[in-house]
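Taking it in order: structure first as structure tokens, then the write-up.
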Amino acid sequence: MILTVTMNPSIDMAYSIEDLKENTVNRVSEVRKTAGGKGLNVSRVIKMMGRRIVATGALGGNFGAFIEEQLDKEKINHAFIHIKQETRNSIAILHDGGKQTEILEAGPVLTAQDVFRFLENYKELLSEADVVTISGSLPQGIESDFYAKLSSLAKQKKIKVMLDSSGESLKQTLLNKDKPYLIKPNQEEISELLNIKLNGKENSEILIKYMSNKIFQDVAWIVVSLGAAGAIAKHNNSFYRVKIPKIHVENPVGSGDATLAGLAIAISEGKDDEETLKTAMTLGMLNTMEKQTGCVNKKLFSKYFGKISVTKLEVVNF
Ligand code: ATP
């Protein structure tokens with residue numbers, strides 16, 4: 001099975017307010033509440049594609065219980081540790097013709113005892129996992145090398161780790177002696193990591209140069225997703241440019257998570273590079289076509305899979 005890790009899940013609340021006003025009362029008639037956090041988006045997409053998945057992380061209080069109920073409704077297996085502090089809410093206000101204003105709580109502060117219980121639980125879950133996905137930010141109370149620790153524990157059991165994180169926790173995991181098997185930075189994340197500026201118009205050659213940076217040494221897969229422009233990827237010494245068709249986008253949020261779900265599915269099933277990249281891009285695209293974040297229509301999979309092109313790039317040594 002695929003094990004997904006979400007250390008700081010949230011109840012994602014979407015408020016639609018056509019005309020948002022400051023310093024007064026805004027009433028909302030339509031509220032959507034979903035079990036959120038990047039790892040839970042990954043989980044939902046894997047489940048929608050009919051694969052075996054167990055979601056883990058830390059949940060607390062009534063909000064944590066709400067998330068578990070939602071996962072039960074969606075028949076997503078879960079094994080979270082329970083913490084004393086309340087799980088957070090993340091609020092997205094959709095207003096004024098397409099604007100999105102977000103209010104994100106930092107979330108609970110995990111204690112040393114919580115971290116210990118999580119690690120014990122994680123080690124047990126690893127015994128049944130083929131691959132592990134780790135997504136999103138760390139909650140307060142956890143050191144930035146925590147994902148590096150999770151990577152090492154998985155690697156000791158020869159389980160592939162796929163990491164979608166940013167900032168210090170991504171850096172620490174890359175500097176760790178046990179490298180993740182795969183990382184999936186978007187342009188912003190790779191810019192931050194390498195301390196460079198990307199304007200979204202870089203050609204493959206420049207991106208290949210960045211992906212060849214020493215910091216990525218021994219990371220088998222690097223998939224840099226480029227939104228509507230598809231992706232550029234590196235698997236060991238092979239580089240690929242992935243092009244996707246133009247589609248109608250309903251809601252692009254969570255496309256990176258759907259992409260990671262596709263990578264986890266394909267890699268856990270031993271697919272070749274071309275099929276792996278096409279699966280990832282198809283799920284990213286299918287997510288943009290749905291209103292709900294982290295949601296895909298499985299029936300459309302073959303149609304869009306067939307429209308993606310993967311080209312192996314000739315690379316002169318950098
Ligand atoms: P998020 O942070 O919202 O989860 P991300 O920035 O990590 O997303 P993106 O690069 O935006 O990830 O998107 C991942 C993949 O989803 C893309 O490579 C592509 O396959 C698909 N995708 C995203 N946006 C679009 C779009 N506007 N049109 C078509 N496909 C898209």
Side-chain angles (χ1 to χ4, degrees), residues 4 6 8-10 12 14 34-46 48-49 90 92 94 98 100 102 104 133-137 162-167 169-170 182-193 198-202 204 207 210-211 221-234 240-266 273-297 300-301 303-311:
T4 64
T6 317
N8 203 6
S10 63
D12 288 349
T34 43
K38 290 173 73 62
L40 292 186
N41 296 335
V42 177
S43 309
R44 200 176 299 115
V45 172
I46 294 172
M48 285 174 163
M49 291 305 293
S90 299
L94 313 162
Q100 180 160 333
E102 297 192 22
L104 307 180
T133 69
I134 303 175
S135 312
S137 60
M162 309 192 181
L163 178 69
D164 184 6
S165 187
S166 55
S169 54
L170 171 61
L182 177 147
I183 56 168
K184 193 223 74 61
N186 58 22
Q187 293 199 77
E188 205 180 317
E189 289 155 354
I190 203 161
S191 310
E192 188 193 1
L193 184 72
L198 293 177
N199 60 17
K201 296 194 178 82
E202 282 73 19
S204 305
L207 289 167
Y210 291 138
M211 283 194 282
W221 271 102
I222 307 164
V223 180
V224 180
S225 62
L226 307 168
I232 185 146
K234 174 178 185 281
Y240 300 95
R241 178 76 179 90
V242 194
K243 290 201 172 138
I244 60 175
K246 204 167 162 43
I247 51 169
H248 172 72
V249 173
E250 279 287 339
N251 169 18
V253 181
S255 300
D257 305 330
T259 300
L260 188 68
L263 292 165
I265 289 171
D273 292 0
E274 183 172 338
E275 194 164 346
T276 297
L277 291 167
K278 284 187 176 178
T279 304
M281 290 294 99
T282 306
L283 293 183
M285 283 163 61
L286 293 185
N287 176 73
T288 69
M289 295 161 80
E290 303 294 320
K291 279 210 170 88
Q292 197 192 341
T293 300
C295 180
V296 294
N297 181 350
L300 298 176
F301 185 86
K303 178 177 168 189
Y304 288 94
F305 185 93
K307 293 185 177 185
I308 296 166
S309 76
V310 176
T311 314

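Atoms within each ligand, like the ligands themselves, are counted from 1 in listed order.
To the nearest 0.5 Å, the span separating CD1 on I183 from CE on M211 amounts to 9.5 Å. Between the CD1 atom in I46 and the CD1 atom in I265 there is a gap of 5.5 Å [rounded to 0.5 Å]. Considering OG of S90 and CG of N8, their distance stands at 8.0 Å, rounded to 0.5 Å. Distance check: T276 OG1 to W221 CH2 gives 5.0 Å after rounding to the nearest 0.5 Å.
Looking at heavy atoms from C-beta onward, M289 lies out of side-chain contact with V249 at the 4.5 angstrom threshold. Between I308 and M285, some side-chain heavy-atom pair lies under the 4.5 Å cut-off. Counting heavy atoms from C-beta outward, N251 and T293 have side chains that approach closer than 4.5 Å.
Set against the non-hydrogen atoms of V253, the atoms of ligand 1 under 4.0 Å away are 3 (O). If you number the atoms of ligand 1 from 1 as listed, the ones under 4.0 Å from a heavy atom of G254 come out as 1 (P), 3 (O), 4 (O). Atoms of ligand 1 lying under 4.0 Å from any heavy atom of V249, numbered from 1 in the order shown and given with element: 26 (C), 27 (N), 28 (N). Near L226, meaning under 4.0 Å from one of its heavy atoms, ligand 1 places the atoms 10 (O). Proximity to D257 (heavy-atom distance under 4.0 Å) selects the following atoms of ligand 1: 4 (O).
Closest heavy-atom approach to atom 9 (P) of ligand 1 among the candidates S225, G294, G136, S166: S225. Remark: among candidates A233, G227, S135, the nearest residue to atom 17 (C) of ligand 1 is G227, based on non-hydrogen atoms. Checking E189, M281, K278, K184 against atom 7 (O) of ligand 1, the nearest heavy atom belongs to K184.
Counting heavy atoms of neighbouring residues, nucleotides and ligands inside a 6.0 Å radius, atom CD of E188 does not exceed 12 of them.
Here the heavy atom of the protein found nearest to atom 18 (O) of ligand 1 is G230 O, 2.9 Å. At the shortest separation from atom 13 (O) of ligand 1 among protein heavy atoms lies S255 CB, 3.6 Å. Among protein heavy atoms, the minimum distance from atom 4 (O) of ligand 1 is reached at G256 N, 2.9 Å. Nearest protein neighbour of atom 14 (C) of ligand 1, counting heavy atoms only, is T259 OG1, 3.4 Å. Ranking protein heavy atoms by distance to atom 2 (O) of ligand 1, first place goes to K38 NZ, 4.0 Å. Atom 21 (C) of ligand 1 has its closest protein heavy atom at G284 C, 3.5 Å.
Screening residues 283-292 for side-chain hydrogen bond (donor to acceptor under 3.5 Å, both in side chains) gives S255-N287 as the qualifying pairs, with residues at least two apart or on separate chains.
By the 4.0 Å heavy-atom criterion, P252 is counted among the residues contacting ligand 1. The shortest heavy-atom distance from E188 to ligand 1 is not under 4.0 Å.
Here I244 has side-chain heavy atoms under 4.0 Å from ligand 1, and that is the only part of it that gets that close. Of all the heavy atoms of N287, none lies under 4.0 Å from any atom of ligand 1, so neither backbone nor side chain is involved. Residue contacts with ligand 1 for N186 involve side-chain atoms from C-beta outward but no N, CA, C or O (heavy atoms, distance under 4.0 Å).
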Y304 and I247: CA distance, side-chain angles, deciding distance, side chain to side chain contact (heavy atoms under 4.5 Å, CB included) verdict
CA-CA 10 Å; Y304 288 94; I247 51 169; 3.6 Å; yes

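Between S135 and K38 the shortest heavy-atom distance is CB-CB, 3.7 Å.
Not a single donor-acceptor pair under 3.5 Å links the side chain of E192 to the backbone N or O of E189.
Ligand 1 has no nitrogen or oxygen under 3.5 angstrom from a nitrogen or oxygen of T288.
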